[in-house]
Student: 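Below: one structure in structure tokens.
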Amino acid sequence: EAGVTQSPTHLIKTRGQQVTLRCSPISGHTSVYWYQQALGLGLQFLLWYDEGEERNRGNFPPRFSGRQFPNYSSELNVNALELEDSALYLCASSGWQGMETQYFGPGTRLLVL
Amino acid sequence: GQNIDQPTEMTATEGAIVQINCTYQTSGFNGLFWYQQHAGEAPTFLSYNVLDGLEEKGRFSSFLSRSKGYSYLLLKELQMKDSASYLCAVRYSGNTPLVFGKGTRLSVIA
């Protein structure tokens with residue numbers, strides 16, 4: 001069974017640009033979570049989508065946004081990139097309204113110059 | 001807030017046993033997870049506890065005491081490849097995401 005997939009694996013952008021990251025959950029999972037992990041730091045919760053709706057949002061500015069599609073895949077959009085947005089962006093998925101174990105994708109490493 | 005506390009760093013010797021502790025706030029508790037994360041990689045699921053007691057999975061075991069708000073991850077017969085960060089995460093009731101601790105960086109030395 002395929003795990004969570006994310007694209008792209010690496011990305012380099014300049015300050016002020018916009019970026020879109022993509023995530024496909026494990027088949028049968030309806031919940032998708034996005035996390036940011038800056039170098040050497042812990043996981044910071046960004047967004048949680050379930051059944052196409054935003055269930056919860058972390059303490060991030062509105063330039064971080066996303067959506068979930070009918071096939072449960074998800075996008076994370078970051079506008080007006082800042083240097084401190086450089087991080088590993090992790091997507092995780094789980095089943096049954098977020099009540100099951102979260103499994104993580106390999107992540108997208110974003111570097112903002 | 002729902003803080004998860006775990007030690008920042010630990011060092012242990014190859015072949016030894018190490019215990020990584022995690023404490024959390026008990027109100028609304030609905031399950032605890034342990035993940036392993038190697039540097040630069042994604043976290044991988046290790047164990048899940050929702051009832052009191054010990055769950056064993058090969059060299060790894062996880063223990064939970066709900067009344068004390070306490071869990072530990074026990075790693076036996078340590079190998080060099082066990083050098084990684086170990087994340088404790090708690091699920092609380094309600095429409096809330098998992099709350100992750102900052103992780104414990106374990107270094108296994110020869």
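Labels below follow one simple rule: chain letters A, B, ... track the order of the sequence lines, proteins then strands, and each chain is numbered from 1. Note: hydrogens, waters and symmetry copies are ignored here, and every other heavy atom, side chains too, is used. Because the structure is predicted, anything quoted here is derived from the model rather than measured.
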Student: Using a 4.5 Å heavy-atom cutoff, which residues in residues 103-112 of chain A come close to chain B?
Tutor: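 Within residues 103-112 of chain A, near chain B: A:Tyr103, A:Phe104, A:Gly105, A:Pro106, A:Arg109.
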
Student: What part of A:Gln44 lies closer than 4.5 angstrom to a heavy atom of chain B: side chain, backbone, both or neither?
Tutor: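 Interface part for A:Gln44: neither.
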
Student: Would you kindly confirm whether B:Leu73 and B:Met80 end up in one hydrophobic cluster when ILVMFWY residues are joined by side chain heavy atoms under 4.5 Å apart?
Tutor: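 Looking at the clustering, B:Met80 is in the same group as B:Leu73.
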
Student: Is it the case that atom CG in A:Asn71 sees more than 12 heavy atoms from other parts of the structure closer than 6.0 Å?
Tutor: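 Enclosed.
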
Student: Counting heavy-atom pairs under 4.5 Å to chain B, which of A:Thr101, A:Val4, A:Leu43, A:Leu88 comes out on top?
Tutor: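 Of A:Thr101, A:Val4, A:Leu43, A:Leu88, A:Thr101 has the most heavy-atom pairs under 4.5 Å with chain B.
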
Student: Please indicate whether A:Arg57 has more than 12 foreign heavy atoms, meaning atoms of other residues, nucleotides or ligands, lying under 6.0 Å from its CZ.
Tutor: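 Yes, CZ of A:Arg57 has more than 12 neighbouring heavy atoms, counting only those of other groups under 6.0 Å.
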
Student: What is the minimum heavy-atom distance between B:Gln37 and A:Gln37, and which atoms define it?
Tutor: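 For B:Gln37 versus A:Gln37, the nearest heavy atoms are NE2-OE1, 2.7 Å.
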
Student: Does B:Val50 belong to the same Ile/Leu/Val/Met/Phe/Trp/Tyr cluster as B:Phe33, with side-chain heavy atoms less than 4.5 Å apart forming each link?
Tutor: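 Yes, it is one cluster - the side chains of B:Val50 and B:Phe33 are joined through contacts under 4.5 Å.
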
Student: Please lay out, stage by stage, how B:Phe100 and A:Tyr35 fare under the test side-chain contact (heavy atoms from CB on, under 4.5 Å).
Tutor: CA-CA 11 Å; B:Phe100 279 86; A:Tyr35 295 89; 3.4 Å; yes

Student: Under a 4.5 Å heavy-atom cut-off, does chain A meet the side chain of B:Leu98, its backbone, both or neither?
Tutor: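 Both backbone and side chain.
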
Student: Would one find more than 12 heavy atoms of other residues, nucleotides or ligands at under 6.0 Å from atom CZ of B:Arg59?
Tutor: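 Correct, the count exceeds 12.
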
Student: Would one find more than 12 heavy atoms of other residues, nucleotides or ligands at under 6.0 Å from atom CD of B:Glu14?
Tutor: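 Enclosed: over 12 neighbouring heavy atoms sit under 6.0 Å from CD of B:Glu14.
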
Student: Are more than 12 heavy atoms from other residues, nucleotides or ligands located less than 6.0 Å from atom NZ of A:Lys13?
Tutor: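 Enclosed.
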
Student: Hey, could you give me the CD/CZ distance between A:Gln102 and B:Phe45, rounded to the nearest 0.5 Å?
Tutor: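 Here the interatomic distance stands at 11.0 Å.
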
Student: A quick test of your reading: do over 12 heavy atoms of other residues, nucleotides or ligands sit less than 6.0 Å from CG of A:Leu39?
Tutor: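 At most 12 heavy atoms, drawn from other residues, nucleotides or ligands, come within 6.0 Å of this atom.
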
Student: Are B:Val108 and B:Ile20 grouped together when hydrophobic residues (ILVMFWY) are joined by side-chain heavy atoms under 4.5 angstrom apart?
Tutor: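 Yes, it is one cluster - the side chains of B:Val108 and B:Ile20 are joined through contacts under 4.5 Å.
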
Student: Just by distance, do the side chain of B:Tyr48 and the backbone of A:Glu100 share a donor-acceptor pair under 3.5 Å?
Tutor: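 Here the side-chain-to-backbone pair does not exist.
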
